[in-house]
J.: 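Mind having a look at this structure? Questions to follow.
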Amino acid sequence: MLNQDLWDRCIARLEADLPEKEISTWIRPLRVVMSEDQMTLLAPNRIVMDRVKSDYLGRIQRTMSSLAAYDVVVNIAVGGVNADPVRSASSNTPATAVDDSMPYGRGKLDPRYTLSSFIEGKSNSQARAAGLQVASAPGGIYNPLLIYGESGLGKTHLMHGIGNAILADKANARIVYVGAEQWFNQMVSAIRYGRQVEFKNFYRTVDALLIDDIHFLAGKEHSQEEFFHTFNALIDGRKQIVLTCDRYPRELDALDDRLKSRFTWGLSVPIEPPEFETRIAILLAKADVLGVRLPEDVAVLVAQRIRSNVRELEGALHRLNASARLTGAPITTEFARVTLKDMLASYDRAVTLENIKRTVAAYYNIRLTDLNSVRRTRTLARPRQVAMALSKELTRHSYPEIGSAFGKDHTTVLHAVRKIAELCQEDDRLKEDYENLLRQLTN
C-alpha cells in the first residue's frame, strides 16, 4: 500500500544516486497524491514536468515498485504549489491534478514554515522583525512588505510564516500565497477562457496577498498593468501585500516605474547570506525537525565549508540523512567528509587565495601586485587586511600559508583577521564592503 514513508524512502534512494543539485532542482519541488497502486507527481510548472518525465520518471517508478514489492504506476502532471498534500491510500478523496485553466490561486501555506521556526541571525533579523510586525498588524504601516535577497536565504519561509501567523490570529482571513509565475499563468488562462472578471475579483478581495518572486513579472507589460491595479485595490482597502524579489526592485530594469515606486511605499528589507553561527543553528534546527541526530561538530564542519545559502545547507543535511539511513552508519565528521566529498570539494575549488586576491583588487580598484607590496598607505593596507581576513574565513589555509601568499608572516595575517573583525563592528562602510565581497566569492 502506497504511503508517505515509501515516498520518503524513494527520495532517500534517489539522493544516494543523484547529485544534490538535480535533487533540489527537479525532485524536491514535486508533490504527490496517491491511491492504492498509483502515484501522481505534481510539478510546479511544465518545465519541471517535462524534465522529470524525460529523465527521472522511469527511475522513480522502478524505485517505488521495488520498495512496494509490486508494480506501481507513476504519472506526472502540472500542479505543484496548488496541490493538496500527500493523500494516503485510506483517503476517500480521489487524487486529482490542478486544472491549469482555473484563473484563481489556490497556493497552500506550508504549516512547517512559521515565524517561530525561522532561525534569526544578523543577516535576517530586520526581515524577521518586519514579518512579526506585519503579522500582528496586517494592512498597517508596513504595506507592502518587500523582502529581497538571493535565492535560498529564507524569503519564502518568512512569507509563509507571516501568512500562517495572520491565520492563527484570524482563522477566517482570506490569505492567498502564489508564485509570480503561477499568477502570470492564471492571468493568461483567465484571458483565454474569458474569466478576467473572476480573476480580478478573486485577487482584489483577499485579506492578504503573498506573491513570491515578483521579479518574474519584469518585462511582461500586460501582467504588470494588471498587477498595478490589483496592488492599488488592495492598498486602498488596507489589505496586506507581501512580496519577495531576488534584488532591490529599483534594480529591475524591465519593471514599470510605477510598480518600482509602489513596491517601496511600505518597507523593503534585505535578507543576507547567514553568518557562521546562524548556519550552525539552522543545521541543528532542521536536523531536529527531520529527527536526525546531528552532532554539533558535524554541524560546525558543514557550516564552515558551505556558506552560500540555506538551501545548500539543507541539501547537505538531506544527503547525510539519506546516506546514514541507507548504510546504518552514525553521522560523524569523518562520515560527513566522505559523504559530502564532492559537494565540499566544489566549494573549495570555487574559493582560492588567488581568486580572493583578484576579487578584492578589482573591488577596491587597485593592482593585484599592490596586495603583496610592502607599502602601508591606508588605501592599500585596508584592502590587504580584508583579503587576508576573507582568506582565513573562506579557505582551509593556515595563517602561515595565507601569509606566504601575501608576502607576509603569520602574525600579520592574525592581526589583519582580528582588525577586520573589530572594524566590522564599528564601521558600517567597511562591514558593507566585507559582506559584498563575501557574496561575490561564495555565489
Side-chain angles (χ1 to χ4, degrees), residues 81-82 102-107 109 127 130-131 133-149 155-156 158-160 162-163 165-167 169-170 172-270:
V81 296
N82 287 335
M102 299 302 285
Y104 44 81
R106 292 174 295 190
L109 289 172
Q133 176 62 35
V134 166
S136 65
I141 58 173
Y142 297 153
N143 197 19
L145 172 64
L146 186 139
I147 307 164
Y148 65 95
K155 301 188 300 295
T156 299
L158 196 53
M159 175 177 276
H160 280 266
I162 292 169
I166 294 174
L167 277 179
D169 184 60
K170 186 179 179 183
N172 62 346
R174 295 186 62 226
I175 313 295
V176 171
Y177 163 78
V178 65
E181 182 178 2
Q182 183 190 14
W183 187 90
F184 169 81
N185 290 335
Q186 291 170 357
M187 187 197 73
V188 171
S189 293
I191 295 172
R192 177 183 177 186
Y193 293 101
R195 295 173 175 172
Q196 295 97 316
V197 173
E198 181 182 353
F199 176 80
K200 292 175 181 179
N201 288 343
F202 177 82
Y203 278 108
R204 297 180 191 183
T205 57
V206 300
D207 294 310
L209 177 59
L210 319 178
I211 296 195
D212 226 346
D213 297 329
I214 197 66
H215 50 268
F216 180 82
L217 298 186
K220 300 173 176 63
E221 295 181 5
H222 186 74
S223 301
Q224 292 182 46
E225 183 69 24
E226 174 60 33
F227 187 70
F228 173 78
H229 295 297
T230 297
F231 183 100
N232 288 341
L234 292 174
I235 293 293
D236 290 345
R238 298 185 64 81
K239 306 302 183 182
Q240 183 65 48
I241 299 173
V242 181
L243 309 170
T244 70
C245 189
D246 66 353
R247 73 201 80 171
Y248 190 63
R250 290 197 179 277
E251 297 177 4
L252 292 170
D253 294 335
L255 190 67
D256 189 292
D257 287 340
R258 296 176 302 170
L259 285 178
K260 289 183 182 180
S261 174
R262 278 160 176 76
F263 287 173
T264 56
W265 273 0
L267 179 66
S268 299
V269 290

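Given the structure is predicted, the values throughout are model-derived calculations rather than measurements.
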J.: Of L210, L209, I166, which meets side chain to side chain contact (heavy atoms under 4.5 Å, CB included) against V242?
T.: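 The side chain to side chain contact (heavy atoms under 4.5 Å, CB included) with V242 is passed solely by L210 among L210, L209, I166.
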J.: List the atom of I147, the atom of A127, and the distance in Å for their closest heavy-atom pair.
T.: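 Heavy atoms only, the tightest pair is CG2-CB, 4.5 Å.
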J.: In chain order, what residues pass the side-chain hydrogen bond (donor to acceptor under 3.5 Å, both in side chains) check against R250, with sequence neighbours excluded?
T.: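 side-chain hydrogen bond (donor to acceptor under 3.5 Å, both in side chains) check on R250 returns nothing, list empty.
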J.: For S261 and D257, indicate whether the former's side chain and the latter's backbone hold a donor-acceptor pair under 3.5 Å.
T.: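 No, because the side chain of S261 does not come within donor-acceptor range (under 3.5 Å) of the backbone of D257.
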J.: For the residue pair R258 and D256, what are the closest heavy atoms and their distance?
T.: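 For R258 versus D256, the nearest heavy atoms are N-OD1, 2.6 Å.
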J.: With no hydrogens and no angle check, do the side chains of R238 and N143 hold a donor and an acceptor under 3.5 Å apart?
T.: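 No - no donor-acceptor pair under 3.5 Å links their side chains.
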J.: Distance check, rounded to the nearest 0.5 Å: H229 atom NE2 versus L234 atom CG?
T.: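 With rounding to 0.5 Å, NE2 (H229) is 13.0 Å from CG (L234).
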J.: Taking atom CD of Q186 and atom CZ of F202, what is their separation to the nearest 0.5 Å?
T.: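 Taking CD in Q186 and CZ in F202, the distance rounds to 8.0 Å.
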J.: With the side chain counted from C-beta on, respond yes when C245 and F263 share a heavy-atom pair under 4.5 Å apart, and no when they do not.
T.: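 A side-chain contact under 4.5 Å is absent here.
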J.: If I compare all heavy atoms of M159 with all of T244, which pair ends up nearest, and what's the gap?
T.: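 Result for this residue pair: CE-CG2, 3.4 Å.
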J.: Rounded at 0.5 Å granularity, tell me how far CG in L267 sits from CH2 in W265.
T.: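 Nearest 0.5 Å value for the CG-CH2 distance: 15.5 Å.
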J.: Search all heavy atoms of A135 against all heavy atoms of A165 and return the closest pair with its distance.
T.: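 That closest heavy-atom pairing would be CB-CB, 3.5 Å.
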J.: Any side-chain heavy-atom pair from F216 and I211 closer than 4.5 angstrom?
T.: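 No, too far: nothing below the 4.5 Å cut-off.
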J.: Got a donor-acceptor contact below 3.5 angstrom from the Q182 side chain to the Y177 backbone?
T.: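 Side chain of Q182 to backbone of Y177, a donor-acceptor pair under 3.5 Å: no, none is there.
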J.: Measure the CH2-CZ distance between W183 and F227 for me, rounded to the nearest 0.5 Å.
T.: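 With rounding to 0.5 Å, CH2 (W183) is 6.5 Å from CZ (F227).
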J.: Within the 4.5 Å heavy-atom criterion, are F199 and S189 side-chain neighbours or not?
T.: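 They are not in contact (no side-chain heavy atoms under 4.5 Å apart), so the answer is no.
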J.: Could you measure the distance from the CD1 atom of I214 to the CG atom of L243? Nearest 0.5 Å is fine.
T.: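 Reported value, rounded in 0.5 Å steps: 5.0 Å.
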J.: Whether the side chain of D207 engages the backbone of R174 through a donor-acceptor N/O pair (distance < 3.5 Å, no angle test) should be reported.
T.: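 Side chain of D207 to backbone of R174: a pair is present.
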J.: Which distance, rounded to the nearest 0.5 Å, do you find between the CD of E198 and the CG of N201?
T.: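 Rounded to the nearest 0.5 Å, the CD-CG separation comes out at 8.5 Å.
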J.: Does the side chain of R262 come within less than 4.5 Å of I235's, by heavy atoms?
T.: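 Result no, sub-4.5 Å side-chain heavy-atom pair not found.
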J.: At their closest point, which heavy atom of F228 faces which heavy atom of L259, and how far apart are they?
T.: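 Smallest heavy-atom distance, with atoms named: CA-CD2, 3.9 Å.
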J.: Less than 4.5 Å apart, any side-chain heavy atom of V206 and any of K239?
T.: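 With C-beta onward as the side chain, the pair stays apart.
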J.: Is S268 reaching over with its side chain to a backbone N or O of T264, donor-acceptor style, under 3.5 angstrom?
T.: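 Side chain of S268 to backbone of T264, a donor-acceptor pair under 3.5 Å: no, none is there.
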J.: Got I162 and L145 here, is their nearest side-chain heavy-atom distance under 4.5 Å?
T.: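 A side-chain contact under 4.5 Å exists here.
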J.: Spell out, as yes or no, whether a donor-acceptor pair under 3.5 Å connects the side chain of K155 to the backbone of D212.
T.: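 Answer holds: no.
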J.: Which heavy atom of H215 sits nearest to which heavy atom of D246, and what is that distance?
T.: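 That would be ND1-N, 3.0 Å.
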J.: Can you confirm whether Y142 sits close enough to V269 that some side-chain heavy atom of one is under 4.5 Å from a side-chain heavy atom of the other?
T.: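 The answer is no; the side chains never approach within 4.5 Å.
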J.: Would you call E226-R204 a salt bridge at under 4.0 Å N-O?
T.: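 R204 and E226: salt-bridged.
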J.: Would the distance check show the side chain of Q224 and the main-chain N or O of L255 forming a donor-acceptor pair, the cut-off being under 3.5 Å?
T.: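 Here the side-chain-to-backbone pair does not exist.
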J.: Considering only heavy atoms from C-beta outward, does the side chain of I191 approach that of Q196 to under 4.5 Å?
T.: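 Side-chain contact under 4.5 Å: yes.
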